[in-house]
Protein chains: 2
Amino acid sequence: MERIKIVVAGDNYLFTKGMECLIEESLLFELAGTVLNEIELIDKLSNKQADVLAIDISSIGWSEDILKRVMKYVPGLKVLAFNTVKQRNEISVVLGSGVTSYLLLCCDKAEITEALLKTAKGERFLCGKVLNALINIPKRELDGHDAGCPLYSVCAGVNISEREMEIIRYVSEGLSNQEIADKLFLSVHTVNTHRKNIMSKLGINNTAGLVMYAVRNQLVS
Amino acid sequence: MERIKIVVAGDNYLFTKGMECLIEESLLFELAGTVLNEIELIDKLSNKQADVLAIDISSIGWSEDILKRVMKYVPGLKVLAFNTVKQRNEISVVLGSGVTSYLLLCCDKAEITEALLKTAKGERFLCGKVLNALINIPKRELDGHDAGCPLYSVCAGVNISEREMEIIRYVSEGLSNQEIADKLFLSVHTVNTHRKNIMSKLGINNTAGLVMYAVRNQLVS
DNA sequence: TGGCAGCTACCGCAAAAGGGGTATTTTGTA
DNA sequence: TACAAAATACCCCTTTTGCGGTAGCTGCCA
């Protein structure tokens, strides 16, 4: 079986090194090279045939512009973008520039492996955390690049339960844990536990983060 | 000088009583009656000529629907609506139903007096707090009822200073008072004072309220 | 049938927020 | 120049969060 040739791009050591290890440890992949900037990238892509570009777009020096130029220069290139953010606007722009798949830098090895495989096959792979943010993007914004990507996959991502959603809503409305407990006929301890679990799942550590999550995911008006 | 005839509508005692006092204490106004429900209101408006309807739409039993029916039944009626909320959607709907002016129930006597006068003259009067929320409504949503109301007035409302805006932004980004203090080279006491002043001005009492304010007023993305 | 996820509930402790003040300095402006 | 508003800083105190645990119960599913 032919190995998938992957070019890694980014100027963050942990990212490039980590990707190199992942690729070389696997029998499925083959490292087609690591590049630090746009010039090296174009050079690498024109000299060596590659199947997938795994690029850290959170690095300083990488932007959607560069991505667009590369996509133009190497048509049909499959791109798996890594980023730190999961804001809708940002994701929208990146996917709009022709990127096939989108992961967060915090995704784990299994997710990255799966994403590389799917991307090589031309399928979309989005991190579940990203999908959460993406759900509300008007479909048309993606249509331009949808034709060739009929399949969507998502990694585990964040799964907020119904009860937890309820808690988030009340927190966002300004209720204290005690008030929420009264409203839902729960112990304040339970509300607090839910709150802790939510914050843990979302990787935040205060009320402001909870409210912003609620707003981004339209849990509140 | 002819007094302005005002009908007061609402089933909240403090509102109706307060309005009656305000109207009767003033030489400018004349109480055309107080009504508790829609039937009484229609009855009053058809029997007695009134210039302005001052209505508490936060009362149980009052809705935009009723307002619309009344506007239909008594074309050209000037309406000053009182409500508790200053959410954009809500205000949009209310003004969209033909209401001339919009105050919050927390507005003071001078503001109410001015609003009654302006409304009677066919001018719009919005509480500044309302205007803040309204700024982002697409203009077209109001156009249908704009023709007859060329003038806009606002009461003092809320005036959040630049420094306070800055604090709100940082709070919304999840920073603690201490972190904000470090970032702005301030004492944590100062940040706390700003925070207290903001909450006092906005009539809120926790972080969730601050973040929601920031979101509604587009201080954060 | 065993494990896992979700919901529930509790404990303790430290940190932060919230609410009440007061007071000085800076700044803009009438 | 005098006044008001804003910005700064501090005090005391209570309540709420946030974080570290533990643990029983239910329902699902491999």
If you walk 5' to 3' along DNA chain D, what is the first nucleotide with an atom under 4.0 Å of a heavy atom in chain B, and what is the last?
D/dA6 to D/dC10
Quick check: closest heavy atoms across [X] and [Y], and the distance to 0.1 Å?
| X | Y | answer |
| --- | --- | --- |
| B/Tyr170 | B/Leu184 | CE1-CD2, 3.7 Å |
| A/Met19 | A/Ala54 | CE-CB, 3.8 Å |
| B/Ala9 | B/Leu41 | CB-CD1, 4.3 Å |

Would you tell me if any nitrogen or oxygen in the side chain of B/Asn177 comes within less than 4.0 Å of OP1 or OP2 on C/dA16?
no
Less than 4.0 angstrom between a side-chain N/O of A/Ser187 and OP1 or OP2 of C/dA9, yes or no?
no
Treat primed atoms plus P, OP1 and OP2 as sugar-phosphate and everything else as base, then score nucleotides 18-28 of chain C 5' to 3': B for base contact with protein heavy atoms under 4.0 Å, S for sugar-phosphate contact only, - for none.
SBBB-------
Rounding to an integer number of Å, can you tell me how far [X] [atom1] sits from [N] [atom2]?
| X | N | atom1 | atom2 | answer |
| --- | --- | --- | --- | --- |
| A/Glu164 | C/dG6 | CD | P | 7 Å |
| A/Ile160 | C/dC7 | CD1 | C1' | 14 Å |
| B/Asn197 | C/dA17 | CG | C1' | 15 Å |
| B/Ile198 | C/dA17 | CD1 | C1' | 14 Å |

State, with a plain yes or no, whether a side-chain heavy atom of [X] is found less than 4.5 Å away from one of [Y].
| X | Y | answer |
| --- | --- | --- |
| A/Asp51 | A/Lys78 | no |
| B/Thr207 | A/Asn206 | no |
| A/Tyr213 | A/Ile198 | no |
| A/Glu30 | A/Glu24 | no |
| A/Thr190 | A/Asn192 | no |

Is B/Arg163 paired with B/Glu166 through a side-chain N to carboxylate O contact shorter than 4.0 Å?
yes
Taking only Lys NZ, Arg NE, NH1 and NH2, and the carboxylate oxygens of Asp or Glu, determine whether A/Arg195 and A/Glu164 approach each other closer than 4.0 Å.
no
Are the side chain of B/Ser200 and the backbone of B/Lys196 linked by a donor-acceptor contact shorter than 3.5 Å?
no
Between B/Val188 and B/Ser161, which is nearer to the 5' end of DNA chain D once each is assigned its nearest nucleotide?
B/Ser161
Helical bend (five base pairs per end, nearest 10°) for the helix from C/dT1-D/dA30 to C/dA30-D/dT1:
50°
